[in-house]
Structures are given as structure tokens and as C-alpha cells.
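Heads up: the structure comes next, in C-alpha cells.
Here is how names work: the chains are called A, B, and so on, in the same order as the sequence lines, proteins then strands, and each is numbered from 1.
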Amino acid sequence: MPELPEVETMCRGLAGIVGRRIERADFPRGRVRPLLVEPARSVVARRLAGAEIVAVGRRGKRVVIELAAAGSMAASVDRRHWLVIEPRMTGLMLVVEPPSAEHVRLVVDLAGSASPRRFLFWDRRGLGTIRLLDDRGLEAACGAATLGPDGLGITGDDLASRLGRSRRAVKAALLDQRAVAGIGNIYACEILFRSGIDPRVTCRRLGRAAWERVAAEARRVLAEAVRLEGSSIGDETYRTADSRPGRAQTMHRVYGRVGEPCRACGTVIERIVLAQRATFLCRHCQRRR
DNA sequence: CGTTCAACCTGGGCGC
DNA sequence: TGCGCCCAGGTTGAAC
């Protein structure tokens, strides 16, 4: 579920943990599958305890919490670690009570009496990953070879140079995190609608002006969705770190609107499957190149 | 190079 | 009510 705007909102909701010290970390009843945690849960828990939280940031769809090892007030890089959490479909970072206790995967208690007292990773489907990495691990997991330029700052040049010669459908290409980081299924559909481009069109058939449009709409749609704190669709879904629903779903023009009239022209919105993902489009409005 | 499929999971919605 | 099936915001690896 969480794409760039949702993960960005989670990170902003964690602002209060920066500068705090971790008292203890716990994987309640080992509810995270071992394969989704790196290194072993006991090692992660031990290393987190006592660490100082230096910063919280986002890389693509990942939450990155920078830590200084216990007792190292100086910023020696070799004592830095990064807690990288990938929420995947249903993961949430919360500083308040979770929707259910049974899907809490990681709890981090903070020292002191300031608010928040803790933060946690809650994940209903349990597909999310938790990694505690050193600088080399971070580079491998979130570096330029893994993640392309961030969607909020993507340019027409970026897209044209990375995807311009590709034979893939443009929608599939926008979901490729190495090309542009942070775009997922909802916003790919919305960006292409606003760009007036059919999601099935092959990248190499798009001209310069089209890539400029896609980049501009990507920046605009993602920024607006961040402003609206992400998309919450239905119950038991994405929430902000303090458990409020986002409002970006109110800006959706095509996603989830199959059978409903296009807000621009009245044509019925269609749902097709492209690259194994539901894809929504307006045949009339999405014909440009 | 690109596509397709299965897998990893839980739970909501729908048809019968 | 209950059951079975399909669907879901993501990612990965294998097969073709």
C-alpha cells in the first residue's frame, strides 16, 4: 500500500523520535518472519538498545532511521547504523496504539518521558521488511544502483534518459524503482491520466514533450498527495503515524474508479491488467504522446 | 531484454 | 450464515 506520499507522511509523523535514545527494542512473540529481518532479530534488538536516533528520512518507499551506536556522541561513521523499514503492502509506522496487537512486528521504546514514548511497525499481511544496516549495507539497499531519482524531484531528462529506449509499457516502467523511486500502482495510474498518456504505450514511442509532462505530473501529483497525507482507501488501511486517515484519495481521478465516469470527459473509466497490476484509465483522455 | 507466474501473507467483499 | 473465490497500495526470483 504505501507509496512515496504515504511513506513520506509516516516519516514526518516520526519527527518526534529524532534526538531520542532507544531504551529497548522488541519483536513481540517473533511475529516477523525471520527471512524478512536482517540480521537476526536478536541481533537487531540488541544493537538498537541504547542507540541514539540521529535522523529519520525516506528513500523511495522505505523509512530510514539513522542511529548512532550507544555511547558514541561523536559522529564517527563506523558507529552509525540505519534501520531500514520497507512497509510493502500493509506496513505502518505508528507512534500511537496499533489497529490490532497481533500484527505488531517491532516495538521500539524510547528513553525519557517525552512524547512519543515509543514507535512501532505494524503490518497486517506481514510482507514488510526490517533491516539494520551499516553504511555499505545502506548503499546496497538504497543507493543509486537500487533506487533511481526520487519521484518528488524527477525531471523529464531523468525519465527520457532512463526509459526513453525501453520497450516496456510506460506504466510498468514507472513502477521500476531503479528508474524513479517512490511511484507505486495508485500514483502511476494518476500520473498517466494527468499526462494524457495511455499506460500501455511503449516507452520508446513517447517523445520529449511527453516525458516532460510525465515528470511534471509526477512531481505535482506526489507533492499534492504528500500535502494531503497519503491515500487511505477503505478500513484497515494506511494511516498516518498518529493513526489518522490520509485525504489524497479525494484527488484520485482514475484509480479504483472502474465503471465510473471520467471527471474530465464522462467516458467510463476502465480497468485493465498491465504487468500483473490493476490499471485504471480513461480511453478518451489518455491518447497523447 | 521483457513478460508472466508464483510466492510471500491477511482479511474484506462478493456470489451462491 | 457460511463457503469459496477474487482482490489488494510491493517486491523478488525463476522460467520462458
Side-chain angles (χ1 to χ4, degrees), chain A residues 1-10 30-38 58-63 84-93 98-105 121-131 140-142 145-148 151 162-191 199-205 221-222 225-226 228-240 245-252 254-259 271-280:
Chain A
M1 112 191 23
E3 306 181 32
L4 184 156
E6 292 76 30
V7 178
E8 178 65 25
T9 305
M10 288 177 201
R31 259 182 236 110
V32 197
R33 287 183 302 128
L35 285 176
L36 300 181
V37 185
E38 175 192 339
R58 176 185 59 75
R59 302 272 187 109
K61 303 174 189 173
R62 291 144 201 203
V63 177
V84 177
I85 294 180
E86 211 175 330
R88 300 267 174 105
M89 294 291 268
T90 49
L92 296 180
M93 300 300 299
S100 69
E102 78 189 290
H103 299 308
V104 174
R105 313 287 173 169
F121 179 56
W122 180 91
D123 185 4
R124 175 158 55 77
R125 285 171 70 177
L127 301 174
T129 66
I130 299 170
R131 287 178 286 184
C142 301
T146 312
L147 296 178
R162 286 157 186 273
L163 301 175
R165 287 169 300 283
S166 167
R167 298 170 183 274
R168 304 154 80 189
V170 60
K171 158 99 184 313
L174 287 179
L175 294 176
D176 182 348
Q177 302 300 298
R178 287 167 310 187
V180 45
I183 296 174
N185 207 31
I186 292 179
Y187 298 106
C189 292
E190 295 299 319
I191 289 162
R200 294 164 291 193
V201 169
T202 304
C203 287
R204 64 199 319 215
R205 300 192 64 189
V221 167
L222 294 171
V226 169
L228 295 170
E229 301 184 292
S231 299
S232 293
I233 300 168
D235 296 333
E236 265 313 273
T237 178
Y238 160 76
R239 291 289 184 274
T240 63
R247 307 177 304 286
Q249 63 280 8
T250 60
M251 69 182 269
H252 295 175
V254 287
Y255 186 84
R257 297 194 63 239
V258 59
R271 177 191 185 278
I272 62 174
V273 174
L274 190 52
Q276 280 67 246
R277 311 296 301 278
T279 301
F280 301 88

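Residue-level contact check: A/Y187 touches neither bases nor backbone, having no heavy atom under 4.0 Å from any strand. A/E6 comes within 4.0 angstrom of no nucleic acid atom, judged by non-hydrogen atoms across all strands. In this structure, A/R165 reaches neither bases nor backbone, as no heavy-atom distance under 4.0 Å exists between it and the strands shown. Heavy atoms of A/R124 sit under 4.0 angstrom from at least one base atom. Base engagement by A/I233 is indicated by at least one non-hydrogen atom pair under 4.0 Å involving a base atom. Within the nucleic acid shown, A/T90 has no heavy atom closer than 4.0 Å to any nucleic acid atom. Residue contacts shown for A/A169 are limited to sugar-phosphate atoms, with no base heavy atom under 4.0 Å away.
Comparing C/dT11, B/dG11, C/dG10 by their nearest atom to the side chain of A/Q177 picks out C/dT11. Among the nucleotides C/dT11, B/dG2, C/dA8, the one closest to the side chain of A/K61 is C/dT11. The nucleotide whose nearest atom lies closest to any side-chain atom of A/Q276 is, among C/dG9, B/dT4, C/dT11, B/dT4. For A/A278, counting side-chain heavy atoms from C-beta on, the closest listed nucleotide (B/dC5, B/dG11, C/dG9) is C/dG9. With B/dC9, C/dA8, B/dT3 as the candidates, the nucleotide lying closest to the side chain of A/Y255 is C/dA8. Closest to the side chain of A/R125, out of B/dG11, B/dC9, C/dG9, is B/dC9. Checking B/dG11, C/dG9, B/dG2 against the side-chain heavy atoms of A/R167 singles out B/dG2 as nearest.
Figure legend. C/dG9 is base-paired to no nucleotide; pairs are counted as Watson-Crick or G-U wobble with both atom distances under 3.5 Å.
For the pair A/D176 and A/R168, the salt-bridge criterion is met [side-chain N within less than 4.0 Å of a carboxylate O].
The CZ-C1' distance, from A/R162 to B/dC1, rounds to 18 Å in whole Å. Between the OH atom of A/Y238 and the C1' atom of B/dG12 there is a distance of 21 Å, rounded to whole Å.
A/Q249 and A/Y238 share no side-chain donor-acceptor pair at under 3.5 Å.
For the OP1/OP2 pair of C/dG10 and a distance below 4.0 Å, the side-chain nitrogens and oxygens of A/R277 include at least one atom meeting the criterion. Contact check, A/R88 against C/dG9: no side-chain N or O comes under 4.0 Å of OP1 or OP2. Taking 4.0 angstrom as the limit, A/S166 places a side-chain polar atom (N or O) nearer than this to OP1 or OP2 of B/dG2.
Side-chain atoms of A/E38 never come within 3.5 Å of backbone atoms of A/L36 as a donor-acceptor pair (strictly under, hydrogens ignored).
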